[in-house]
Amino acid sequence: MPDGSFALPRLALEERARRACARVAPLWPLRDFVAVNPFLGLADRSFLEAAVTLRRVAGRDLLPKPEGASIEPPSVSPRALTVADVLDATLGTDWSRRVTDEIGKWAAAWSDEGQAAWPMPWRDLPFYAAWRAAMAHDRAPEAMGLAGFRKTIAAMPEDPVETIAATLEMIDLGPEASDDYLHRALLSVAGWAGLFRQKGWARELAGEPDDTVLNLLAVRLAWDAALFTLHDVPRFRSAWADRLAAPDPEAPDLSAALAAVEAREASFRRRIIDRLGPDPARPAAPLAQAVFCIDVRSEVYRRALERVAPEVETFGFAGFFGFAVDYVRFGDGAGSAQCPVLLRPGVTICERVAGAAPAEAERIAAKMVLSRRLADLWSAFRSSAVSCFAYVETIGLAAAAGLLRGVLRRPASEGGLAALAPDLSPRSWNGRSTGMATAQRIDAAETVLRAMSLTDGFGGIVLLVGHGARTVNNPHAAGLDCGACGGHSGESNARIAAAVLNDPLVRQGLAERGIVIPADTWFVAGLHETVTDEITLFDTDRVPPSQVGTLETLQRALAEASARTRAERAPLLGLASEADASADTARRSADWSEVRPEWALANNAAFIAAPRARTRGLDLGGRAFLHTYDWRQDRGFSVLELIMTAPMVVANWINLQYWGSTVDNEAWGSGNKTLHNVVGLFGVLEGQGGDLRTGLPWQSVHDGTRFVHEPLRLSVFIEAPEEAMDEVLARHDAVRRLVDNGWLHLLSIRPDGTVARRLAEGRWEPETTRALEEVA
């Protein structure tokens with residue numbers, strides 16, 4: 001084995017290795033699956049340059065193929081090929097797949113979150129050390145023909161960086177040629193690398209380096225080192241020498257593919273610009289307001305509600321309603337982060353049984369904990385490596401009836417939801433401080449209302465409507481929930497916000513800060529169930545008598561708006577009528593065999609931050625994220641900065657996840673949903689092994705005949721002074737790169753209703769209909 005002395009100093013080599021690790025996008029586990037830009041690590045270069053890089057390093061597509069155009073198929077630069085790649089090409093082996101399979105089985109064992117009956121003994125070690133310990137006992141590689149594999153790995157350095165250096169020295173790869181090789185090596189296990197990257201996400205946000213992905217890179221290179229050592233075959237060694245001597249290939253010309261995309265994007269923007277409303281004034285004296293998440297599904301519902309009840313003013317705001325909380329559901333021992341993944345929870349809120357005495361609440365909690373433990377024990381018995389056989393033999397036929405009921409019938413809805421409520425009172429729980437003091441509540445309430453541009457003109461009822469999706473037999477269920485709530489349902493955030501805003505002491509504090517909420521205005525929390533488009537309202541028994549009539553009017557309007565929304569979505573679901581939509585969406589929610597209960601955020605293409613009057617009455621087809629924003633109320637443009645650095649970025653992540661899953665699902669999506677197997681409770685494999693799958697299933701972007709998602713980069717329309725937006729970009733390099741490098745389009749809506757687009761060089765150019773027609 002080499003002595004590990006690589007030509008590059010250790011710090012420089014480690015920097016190159018970490019740069020390769022940073023090219024991988026994080027992958028959140030299934031329980032809080034959120035959309036991620038799969039090309040996040042390439043955002044420091046232009047969109048076109050990233051497409052060329054992925055062609056060169058991975059042979060994968062970032063750009064859709066233009067119809068009728070001649071474009072060369074993806075190919076990998078010889079300088080990026082791994083040892084496994086060259087072996088497969090010269091000797092007809094299958095090592096690329098086998099290496100991914102073998103690494104995957106140990107990555108799954110090391111990362112397991114409770115699925116495995118027999119945990120990996122070395123899980124307390126860093127991944128590279130744990131893998132080396134496992135390799136001392138794993139005879140699988142030698143059974144595949146790699147005699148001496150265990151001895152070879154045992155001779156590798158114990159330090160992961162030194163292993164990377166030793167491998168590069170062994171295969172004679174110089175420093176400059178190593179960047180593409182390291183990147184490609186990680187892409188061969190991109191799913192596991194993404195999971196490991198997410199594990200260190202919080203530390204990276206705090207500016208602390210995380211070595212988990214670096215450990216995985218060392219394991220992948222150790223495999224290449226072993227393959228190289230144990231294949232002293234002239235034909236292979238000659239092919240490897242040719243690979244080292246090969247010149248850099250000419251960069252592919254992807255300009256035609258990008259031009260085709262830009263033409264479709266220009267056509268889409270033209271349809272919006274032509275119909276933007278001219279007057280940003282708010283309607284006078286609304287009966288009520290309804291605040292929905294900016295999610296594209298809310299655009300359809302808001303439009304339906306405004307048609308049914310023109311006297312209702314609707315708003316759009318991120319569905320966590322400004323309350324970044326760690327929410328502990330009643331009876332649980334840990335909470336979930338109910339906020340965008342770009343933020344950290346600032347407070348812990350526990351759930352309580354409304355109206356129950358402490359002793360009664362403890363009794364109910366103990367009963368729930370016992371029930372969950374028994375369920376866990378039964379699940380462990382069924383999945384145990386020994387008892388599972390006895391379970392199948394004795395229970396199999398008896399379970400058939402329950403299985404059929406699950407397939408054919410809708411299960412009873414969960415009861416008691418209204419009896420549970422967030423406990424805002426400051427207290428101690430499991431050694432942690434929970435709840436919110438009055439001063440915290442006032443600060444949060446002011447921030448939220450100003451961010452919503454809702455500081456006056458309050459109606460009698462203000463609905464705060466979170467959203468979530470109820471499905472069964474769906475590993476990616478969290479992907480249908482609220483991304484602003486960290487991949488969870490949003491009712492807890494809505495109920496927290498409503499409770500805070502109904503607090504008399506909070507109202508008093510807000511009045512002192514210039515926000516006067518009428519005494520008889522009442523905030524009501526709700527949940528938009530996006531599979532069935534039903535709206536559930538919480539705590540309606542607390543509405544003051546003066547607003548009971550308003551609430552009843554709203555409930556009738558919501559029922560009609562739900563029916564209209566289902567009818568609008570029916571054709572895309574293959575349904576012929578409104579009656580079919582009502583019955584079939586209920587079935588889809590509970591059908592174990594349903595691969596697409598709803599289309600979620602498919603076909604998203606725009607983000608609009610402006611007063612609702614700009615878009616009210618405009619049919620955006622469920623393709624736009626709508627954020628209410630009035631820059632005239634935004635002192636110091638702090639809300640603008642928040643919009644551009646949080647919801648705009650999250651919407652861009654969603655947009656590019658759908659983009660990648662459509663353009664090249666094999667690389668950036670998760671493949672066929674019917675072949676998924678859950679691994680470790682955190683992810684899915686397609687089949688029995690291989691890389692952890694990322695992105696969205698094929699069924700989330702394709703209906704079996706055609707794509708339902710059109711890959712367009714996000715067009716962001718913001719009604720605000722262009723100078724203010726430039727100042728935000730100047731303070732946030734990562735956001736500026738998204739704009740200047742073409743990962744999204746940033747446009748300003750000017751006071752007269754015309755639109756300008758920010759160009760890469762930093763100037764704004766009017767986006768006229770004629771200019772857009774020329775591009776399209």
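FYI, the numbering just counts along the sequence from 1. Please read these numbers as outputs of a predicted model, since none were measured by experiment.
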For residues W110 and F196, establish whether the separation of their ring centroids is below 6.0 Å. yes

When you compare the side chains of R271 and S267, does any donor N or O come within less than 3.5 Å of an acceptor on the partner? yes

Would you give me the side-chain donor-acceptor pairs under 3.5 Å for residues 25-34, sequence neighbours excluded?
residue, atom, partner, partner atom, Å
R31, NH1, E113, OE1, 2.4
R31, NH1, E113, OE2, 3.3

Does a side-chain N-to-carboxylate-O contact under 4.0 Å join R23 and D44? yes

Side-chain donor-acceptor pair present, D726, W764, cut-off under 3.5 Å: yes

Using the benzene-type ring in the case of Trp, are the ring centres of W698 and F707 under 6.0 Å apart? yes

Below 4.0 angstrom, N of the basic side chain to O of the carboxylate: do R60 and E666 qualify? yes

Sequence neighbours excluded - side-chain hydrogen bond (donor to acceptor under 3.5 Å, both in side chains) pairs with any residue from residues 738-748: E265-H745, E722-S748, D740-R758

Carboxylate-amine/guanidinium proximity below 4.0 Å for R243 and D85: no

Charged N to carboxylate O under 4.0 angstrom, D179 versus R19? yes

Salt-bridge criterion met for R450 and D634 (N-O under 4.0 Å): no

Looking at side-chain heavy atoms only, is the closest gap between F625 and I654 below 4.5 Å? yes

